[in-house]
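The next block holds one structure in the form of structure tokens; read it before the comments.
When a residue number appears, it is its place in the shown sequence, counting from 1. These numbers come from a predicted model, not from an experiment.
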Amino acid sequence: MAGETPFRKRRPWRRHGHEAQQDGIGGTGPAEGGHASAERSAVPPDHSGGSDDERGRTASLEVAGAAALPDLAGQREEQDRADPTTGGRLHAVKRGVRKSGESARALAAQLADRIIDTAPRVPVRDLATLRRQFPGLGPEELADKLVTGACRGTATVGAGIGAAAMMPVPPAMLAELAAEVTGVAAIEMKLVAELHEVYGLRPPGNLGQRSTAYLTSWTEERGIDVTRPTTLNAALGGQMKRELRQQIMKRMARNLPNLIPFMIGAAVGATMNRRDTRKLADRIRNDLRKQQIPWGRLPALPPLEQPLNPAELPKEIEGP
């Protein structure tokens with residue numbers, strides 16, 4: 001239009017038209033009803049989110065950033081609660097594993113205390129009694145008889161626990177596992193003590209001291225060296241109890257297949273207990289043979305005192 005300032009040369013702070021008339025300043029701008037683009041161009045650009053003829057509407061970076069970064073943690077928690085097959089189930093499994101580990105450690109500590117209390121109550125036959133029960137046998141033949149009887153006893157315990165777990169009852173499984181570990185430990189400690197009698201290596205001391213020595217031998221799966229006082233005077237301190245708990249944990253892990261239902265665990269338990277007892281006996285005998293005292297040079301030893309309240313053991317380990 002004639003007389004109108006071109007669009008690109010118009011100064012943004014000049015006010016024209018209807019806006020200037022409202023302020024009482026007056027002017028020579030276009031009349032009412034003039035071109036709408038002239039009125040829009042006269043208004044200063046609003047950089048806080050208004051319109052710009054060439055650049056369009058400006059955007060706020062703060063709002064855009066907030067919109068582009070949703071609350072991922074909240075969405076993940078909602079998804080875990082809504083979908084139990086993904087995160088919710090994974091968290092439940094982790095909590096279950098953590099609680100199971102804590103329960104297993106607590107059970108191992110209880111079993112360690114129970115085995116420590118049971119060790120002095122295990123009845124042990126001295127060499128004179130063994131030679132009367134197995135006449136005409138030498139040390140190795142007598143040791144073989146003792147190992148065979150102990151293997152039968154631990155196999156009986158494993159088969160009995162496997163039969164008791166014929167139907168899976170989760171609350172009773174820990175009790176069955178504890179009963180098996182305690183029973184097998186008593187049988188094997190009796191075997192360890194009587195093997196030391198056969199090879200002429202009875203540890204000195206009273207009933208309590210000898211029981212501690214036999215318990216140490218069972219825990220470490222090694223024979224007692226009577227020439228080293230440090231192995232005989234091992235008190236039930238923190239290190240000894242830790243080793244005992246570790247041994248019990250290993251036994252419980254090995255005995256887990258015994259809880260397979262439908263009588264499968266009975267056969268598995270009998271086989272595994274027999275194998276573990278024989279391996280323990282082989283290790284003990286290998287250590288005792290290195291320092292064995294022949295019967296001809298063995299001094300007469302006093303009879304072993306028997307516990308007042310002996311622990312009940314299977315009859316299979318007593319022999320004929």
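- A 4.5 Å side-chain heavy-atom check between Arg275 and Arg278 finds every atom pair outside the cut-off.
- Glu221 and Gln247 share a donor-acceptor pair across their side chains, judged by distance under 3.5 Å alone.
- Atom CE of Met252 and atom CG of Leu107 lie 5.0 Å apart (nearest 0.5 Å).
- With Gln306 contributing its side chain and Val124 its backbone, the two residues share a donor-acceptor pair below 3.5 Å.
- When side chains are defined from C-beta on, Gln292 counts as touching Pro139, because their heavy atoms get closer than 4.5 Å.
- Using a 4.5 Å heavy-atom cutoff, the side chains of Arg202 and Arg210 are in contact.
- Proximity of Tyr199 to Arg285: side-chain heavy atoms (C-beta onward) are separated by under 4.5 Å at one or more points.
- Under a 3.5 Å cut-off, the side chain of Asn273 and the backbone N or O of Ala155 do not form any donor-acceptor pair.
- Side-chain contact check for Leu146 versus Glu141: every heavy-atom pair is 4.5 Å or farther apart.
- The salt bridge (Lys or Arg N to Asp or Glu O under 4.0 Å) pairs that include a residue from residues 288-297 are Glu140-Arg289, where partners are two or more places apart or lie in different chains.
- The closest donor-acceptor contact from the side chain of Glu305 to the backbone of Leu207 lies under 3.5 Å.
- For the atom pair CG of Leu137 and CG of Leu130, the computed distance is 10.5 Å after rounding to the nearest 0.5 Å.
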Check: residues 181-193 side-chain donor-acceptor pairs under 3.5 Å, at least two apart:
residue, atom, partner, partner atom, Å
Thr182, OG1, Ala178, O, 2.8
Glu188, OE1, Trp218, NE1, 2.8
Glu188, OE1, Arg251, NH1, 3.1
Glu188, OE1, Arg251, NH2, 2.8
Glu188, OE2, Arg251, NH1, 3.4
Glu188, OE2, Thr277, OG1, 2.9
Lys190, NZ, Pro123, O, 2.7
Lys190, NZ, Glu194, OE2, 2.9

Side chain to side chain contact (heavy atoms under 4.5 Å, CB included) evaluation trace for Leu304 with Arg125: CA-CA 7 Å; Leu304 292 175; Arg125 294 169 290 184; over 6 Å; no
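- With sequence neighbours excluded, the residues that form a ring-ring contact (aromatic ring centres under 6.0 Å, His included) with Tyr214 are His196.
- In this structure, the side chain of Arg121 engages the main chain of Asn309 through a donor-acceptor pair within 3.5 Å.
- Between Ile224 and Thr216, the closest side-chain pair of non-hydrogen atoms is not below 4.5 Å.
- Remark: the backbone N or O of Arg222 is paired with a side-chain donor or acceptor of Ser217 at under 3.5 angstrom.
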field: Lys250 vs Gln246, side chain to side chain contact (heavy atoms under 4.5 Å, CB included): CA-CA, chis, key distance, verdict
entry: CA-CA 6 Å; Lys250 290 193 299 183; Gln246 292 174 359; 5.7 Å; no
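- With contacts defined as side-chain heavy-atom distances shorter than 4.5 Å, the pair Lys145/Thr148 does not qualify.
- Proximity of Asp126 to Leu301: side-chain heavy atoms (C-beta onward) are nowhere separated by under 4.5 Å.
- Contact between Ala281 and Val147 at its shortest, heavy atoms only, is CB-CG2, 3.6 Å.
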